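One structure is given here, and the rest of the page talks about it.
Because the structure is predicted, anything quoted here is derived from the model rather than measured. In this chain, residues are counted from 1 in sequence order.
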Amino acid sequence: MGIKLVLFDAGGTLTKVLPERTERIRKACHYFNLNPIPDHETALLGLRTIERFFIGASQEGRMVDREAVREGVRLMLTEMGVSGRLDDPALLWDFVQTQFETEVLMDGALETLKDLKSKGYGLAVASNATPNYEAILRSLGITEYVDAVFLSDVVGYAKPDPRFFQFILEQMKAVPEETVHVGNSYWHDVIGARRVGILPVYFDRYGIFPDADCPRITRLQELPSLLQRLSHR
């Protein structure tokens, strides 16, 4: 059975925020008076470390709650060789996740959407976001190439809740066996899609999980050929 519908996460998949997370890790260490301030490569090591920790926790069925975030941040700082007084390590990760200035298109986003649309795939955005996020997607040109936009605050459920994906399947008149979901979050996107039988494609632009237990891409431009292979397996 071939693939007919492709769902995309938005933030971190079709779009990215600037400065990048490696730079925000560096800024966070400076903000919380930790030393030494990591260089780019060390910050990338830290990012891979904490994301792999979160993926491992998800695979074990653990909730990525505040205590898990604290544990992940401690591990990240240790791997980077950064130390200092930090009363609540989770606050550092809050800083990393929120202190960005602008949102722009991910490299290859429109090119990939245009290519898939020309090949006849149904396309939709499936994102944990507020209703006004659709205006951002429109301003970036994304809505021109997708058939629908589904935002968690509109749907009433958020990834990885299977009801979010079930709602989309119903609205798109699609079946899980003919659907894939592309996203950069193992917890929200990979696990969420699997809960309803949708095949996840993990977008791993930072090289966090080379041995991912699902199809994986590091550039959006790799997606069309991957979908072709998946349709004929």
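A donor and an acceptor atom, one from each side chain of Thr42 and Asp39, are located under 3.5 Å apart.
Between Ala10 and Ser127, the shortest heavy-atom contact is CB-OG, 3.7 Å. What you find for Val82 and Pro36 is that their closest heavy atoms are CG2-O, 3.2 Å. Closest heavy-atom contact between Leu220 and Ala109: CD1-CA, 3.7 Å. Pairing each heavy atom of Arg26 with each of Pro38, the nearest pair is NE-O, 2.6 Å. When every heavy atom of Phe164 is checked against every heavy atom of Ala126, the shortest pair comes out as CE2-CB, 3.7 Å. Between Arg195 and Pro160, the shortest heavy-atom contact is NH1-O, 3.2 Å.
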| message | side chain to side chain contact (heavy atoms under 4.5 Å, CB included), that's the test. Do Asp213 and Arg194 meet it? Break it down for me. | response | CA-CA 12 Å; Asp213 54 353; Arg194 277 182 174 157; 3.4 Å; yes
Q) Going through the distances and angles, do Glu23 and His40 end up as a side chain to side chain contact (heavy atoms under 4.5 Å, CB included)? A) CA-CA 7 Å; Glu23 180 60 23; His40 172 77; over 6 Å; no
Using the rule given for ring pair (Phe, Tyr, Trp, His ring centres under 6.0 Å), can you reason through Phe167 versus Tyr157, listing the C-alpha separation, both sets of side-chain angles and the distance that settles it, and then say yes or no? CA-CA 9 Å; Phe167 178 85; Tyr157 305 106; 8.1 Å; no
Next on the checklist: For a side chain to side chain contact (heavy atoms under 4.5 Å, CB included) check, start with the C-alpha distance between Tyr186 and Ile208, then their side-chain angles and the critical distance, and finish with the verdict.
Outcome noted: CA-CA 10 Å; Tyr186 192 90; Ile208 289 162; over 6 Å; no
ask   = Given the rule in the side chain to side chain contact (heavy atoms under 4.5 Å, CB included) test, do Glu134 and Val154 qualify, once you have shown the distances and angles that lead to the verdict?
value = CA-CA 11 Å; Glu134 186 166 357; Val154 177; over 6 Å; no
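Annotation: the span from His188 atom NE2 to Asp9 atom CG amounts to 9.5 Å, rounded to 0.5 Å. Interatomic distance, CD1 of Ile25 versus CD1 of Ile50, reported as 7.5 Å (0.5 Å rounding). Once rounded to the nearest 0.5 Å, the distance linking CD1 of Ile198 with CZ of Phe165 reads 6.0 Å. One finds the CG atom of Leu105 at 8.0 Å from the OG1 atom of Thr15 (value rounded to the nearest 0.5 Å). Considering CG of Asp147 and NZ of Lys117, their distance stands at 5.0 Å, rounded to 0.5 Å. One distance of note links CZ of Phe203 with CE of Met106; it measures 4.5 Å at 0.5 Å rounding.
In this structure, the side chain of Asn128 engages the main chain of Lys159 through a donor-acceptor pair within 3.5 Å. Side-chain N or O atoms of Asp189 include one that pairs as donor or acceptor with a backbone N or O of Ser185 at under 3.5 Å. The backbone N or O of Thr218 sits less than 3.5 Å from a side-chain atom of Glu222, completing a donor-acceptor pair. For the pair Asp204 (side chain) and Phe209 (backbone), a donor-acceptor distance under 3.5 Å is present.
At least one side-chain heavy atom of Leu86 sits less than 4.5 Å from a side-chain heavy atom of Leu77. With contacts defined as side-chain heavy-atom distances shorter than 4.5 Å, the pair Lys27/Phe95 qualifies. By the 4.5 Å heavy-atom criterion applied to side chains, Pro215 and Arg229 are not counted as neighbours. Two residues are said to be in side-chain contact when any heavy atoms from C-beta on lie closer than 4.5 Å; Tyr202 and Ile55 meet this criterion. Put simply, the side chain of Leu113 reaches to within 4.5 Å of the side chain of Leu14, judged on heavy atoms. You'll find the side chain of Arg85 stays beyond 4.5 Å of the side chain of Asn33, heavy atoms only. Between Asn184 and Tyr206, every side-chain heavy-atom pair lies at or beyond the 4.5 Å cut-off. With contacts defined as side-chain heavy-atom distances shorter than 4.5 Å, the pair Leu223/Phe8 qualifies.
Hydrophobic clustering (ILVMFWY, side-chain heavy atoms < 4.5 Å, transitive): Leu47 and Val190 are in one cluster. Note on Leu110: it clusters hydrophobically with Ile217, by side-chain heavy-atom contacts below 4.5 Å among ILVMFWY residues. When hydrophobic clusters are built by joining Ile, Leu, Val, Met, Phe, Trp and Tyr residues whose side-chain heavy atoms come closer than 4.5 Å, directly or via intermediates, Leu75 is grouped together with Trp187. Residues Ile191 and Phe54 share a single hydrophobic cluster, defined by chaining ILVMFWY side chains whose heavy atoms lie under 4.5 Å apart. Criterion: ILVMFWY side-chain heavy atoms under 4.5 Å apart, direct or through other members. Under it, Phe150 and Val201 are not part of a common hydrophobic cluster.
In summary, Arg70 and Glu67 engage in a salt bridge, as defined by a charged side-chain N under 4.0 Å from a carboxylate O. Between Arg52 and Glu79, none of the side-chain N atoms (NZ, or NE/NH1/NH2) sits under 4.0 Å from a carboxylate O, so this pair counts as no salt bridge. Using a 4.0 Å cut-off between charged nitrogen and carboxylate oxygen, Asp94 and Arg66 count as a salt-bridge pair.
None of Arg219, Arg205, Lys16 except one satisfies the side chain to side chain donor-acceptor pair (under 3.5 Å) rule with Asp107; the exception is Lys16.
No more than 12 heavy atoms of other residues, nucleotides or ligands shown are found within 6.0 angstrom of CD on Gln228.
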